There are 2 protein chains.
Amino acid sequence: MPATIYDIAKKASVGIGTVSRVLNNHPNVSLKTRERVLKVAHDLNYQPHAYAQGLARKKTNTIAAIIPYFTNYFFLEVLQGIQDKMLTLGYDIMLYGLNENDPEQFETYLLRATQKGRADGIMLFSLRLPDDFTMKYKHINQPFILVDCYHPDFDSITVDNKAGAYAATKHLIDLGHKRIGMINANPISPPAKIRFSGYKTALMESGLSFDEKIYKPSRILKYDGFSREAGYDSMIDMLELPKHELPTAIFVSSDVQAMGVLSAMRDHNLTAPDDIAIVGFDNIELAQHIGLSTISQPMYEMGVLSVGRMLDRLSNRNGSVTHTLFTPKLMVRETCGHYKKNTTMVNN
Amino acid sequence: MPATIYDIAKKASVGIGTVSRVLNNHPNVSLKTRERVLKVAHDLNYQPHAYAQGLARKKTNTIAAIIPYFTNYFFLEVLQGIQDKMLTLGYDIMLYGLNENDPEQFETYLLRATQKGRADGIMLFSLRLPDDFTMKYKHINQPFILVDCYHPDFDSITVDNKAGAYAATKHLIDLGHKRIGMINANPISPPAKIRFSGYKTALMESGLSFDEKIYKPSRILKYDGFSREAGYDSMIDMLELPKHELPTAIFVSSDVQAMGVLSAMRDHNLTAPDDIAIVGFDNIELAQHIGLSTISQPMYEMGVLSVGRMLDRLSNRNGSVTHTLFTPKLMVRETCGHYKKNTTMVNN
DNA sequence: ATGAAAGCGCTAACAT
DNA sequence: ATGTTAGCGCTTTCAT
């Protein structure tokens, strides 16, 4: 039913080659013919058949994105950056959303995404890659770009977790706190591990000692401890300490956990920052609503940049691998102190 | 580089027709040949070429989803439902995320999505369709399924906004409130309009009169007033009223707006439910964190169901159009009163 | 049961 | 400058 180049060719009394040339802006077509063909194409409301074009060009103009849903806000913003950029470049996005960090579903998606003629490249988000990943996928025909995760053998875009954790902790130190705890996710997760090291470094540099008693890695392992429940649990645990051993400030490894921490405090009739100051990490949308001080990642830009990296890779398969580190930004809001009523809450 | 059916055919000493038959489980292939071909295919790590297959079959096994990003949580959950279901059916999802309800970008996406050979069907989310939509797209070759939006000419899955608004308002009435206000989004938006009618109906049925003074449609029009800012602004406006004219309870047309409403209250040293009880709509993830009573939509199920509808449509293009209405559920939490400490906040 | 061949709609190399 | 032809990798019809 829809028009093909054959229909155009017939109507314009030319060969399909000429039609193709016109449509693809190739030189060597007389102005007269070009215009005639263009007119017919327009009249027929012609649209190229995506798959036919892809098959002939050996290019899909599609990229696959595999993203765990639990990354939530982060996911959405990065995706938005990607989408905006992709659109202007004529690429489409095939979305593979992971329900949990389920290795099996991940494999299934990977298999589909890497299927011949499915996508030109693949973007992986916030995923912990299995050890044999390089072996299995390094020599595949599609480039991989990692966003918010790292592997030495593939291009990656990440945020400087250490710098972020350092900044958060340092800010608390500058505020005058001497006893600063940390509630961490599961340190098996690379970001959790690195955020911990940033926390520790800041402590050391300022001559504060690290106290195991006020460092709580997550006991709840779902989502690697990056959950509200895990934060709640850790804080309840923390609050078992005798009063004089409690920290006066806590750096929490993610905002969702911080949500739980704040709930736990509320349940103990404690408030932030008056009783204990809190700084989170991620700057999820929620953080601004509740005045949570946190570390903000330039998510949208990361998305945009990752597209650039993908295109570079597409046109130069063998260039050397690059790793881009974004520096996150401290967002001072109320839970860390210095809260100014009527400004912080509403305007940022 | 990757193996094709020709490679298999040669190695297995058969014709490509036979290979194709084996791969597609057609009858009329001897067991012996079938096994031989299968083995070779496996040895060669054969994967069909998606586009070649699509071209030949005139089927892409892909569906396009056009979704405005601002729907946020709703978006994510519905998408998750869709994705899970799609995967089991061997369909892929092409994602077109809209940055705002921008008609131009929408057209662009629609054009891509409806491109020949791009997707078998198209799902539209939370989108207000232009008037000429039917004319332009009804007779296109791909079926449309509308989710969270309505148009008489296309299959749709929506939530019963009227019933939800009614339930919210009725609950406030049952709690003993006599003076119940509403903060609405922009009534130009169908859900806003319908939620308003549910609110009004509940009022009428209980013999309460509708008072213009405590009904505030949004003055801020971005996102049709479904935003935190709009809610904040409306509440500030509402609080101008002399004390005795203030409502004792307010039904807010969405949770994001309710966030703003609560902020505005906080800025006036008012709390919910003590000073004014609040019920929202949507049950976004945030709602549970802050104890916001609200109306919950079965988002995941809506996603799953929409896939079913799409497949029905794919196999029966001319069946009559169906509209499915999901009934939303009231989630009683603290902001409407009856808050029980240590249970509501943490456990649901 | 199976091989050969046509066709899906396009691009690109090859003629002229 | 333009028409013709050979793929792209697969499905499907037509012979045998």
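Being a predicted model, the structure only gives us computed values, none of them experimental. Lettering of chains follows the sequences in order, A, B, ..., and the numbering in each one begins at 1.
- The pair B:E301-B:K85 does not meet the salt-bridge criterion, since no charged nitrogen lies less than 4.0 angstrom from a carboxylate oxygen.
- With sequence neighbours left out, B:R21 forms a side-chain hydrogen bond (donor to acceptor under 3.5 Å, both in side chains) with no residue at all.
- One can place CD of B:E35 at 15 Å from P of C:dA1, the figure rounded to the nearest angstrom.
- Side-chain nitrogen and oxygen atoms of A:T33 include none within less than 4.0 Å of the OP1 or OP2 phosphate oxygen of D:dA1.
- For B:F133 and B:F144, the gap between ring centers is short of 6.0 Å.
- Ion pairing of A:D7 with A:K10 is absent here, as no side-chain N (NZ or NE/NH1/NH2) approaches a carboxylate O to less than 4.0 Å.
- The interatomic distance linking B:K10 (NZ) with D:dG9 (P) rounds to 13 Å, in whole Å.
- Screening A:E107, A:Q105, A:R112 against A:Y109 for a side chain to side chain donor-acceptor pair (under 3.5 Å) leaves a single residue, A:Q105.
- One interatomic measurement links the two molecules: CG of B:L55 to P of D:dG7, which rounds to 17 Å at whole-angstrom precision.
- Pairing each heavy atom of B:K59 with each of B:D120, the nearest pair is NZ-OD2, 3.2 Å.
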Starting at the 5' end of nucleotides 10-16 of chain D, put B wherever the base has a protein heavy atom under 4.0 Å, S where only the sugar-phosphate does, and a dash everywhere else.
-> BBBB---

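- Rounded to a whole Å, the CD1 atom of A:I8 is 11 Å from the C1' atom of C:dC10.
- Per the geometry, CG belonging to A:N28 stands 13 Å off P belonging to D:dG3, to the nearest Å.
- Remark: the backbone N or O of A:A113 is not paired with any side-chain donor or acceptor of A:R118 at under 3.5 angstrom.
- Side-chain N/O atoms of B:K32 include none lying less than 4.0 angstrom from OP1 or OP2 on C:dA1.
- The nearest whole Å value for the distance from the CG atom in A:N61 to the C1' atom in C:dC10 is 14 Å.
- At a threshold of 4.5 Å between non-hydrogen side-chain atoms, the residues B:L305 and B:F326 count as touching.
- Taking five base pairs at each end of the helix from C:dA1-D:dT16 to C:dT16-D:dA1 and finding the rotation axis that steps the C1' atoms of four pairs onto the next four gives two axes whose angle is 50°, to the nearest 10°.
- Using a 4.0 Å cut-off between charged side-chain N and carboxylate O, B:D43 and B:K39 make a salt bridge.
- Between A:Y51 atom OH and D:dG7 atom P the separation is 25 Å, expressed in whole Å.
- Both B:V14 and B:K58 lie near DNA chain C, and the one whose nearest nucleotide falls closer to the 5' end is B:V14.
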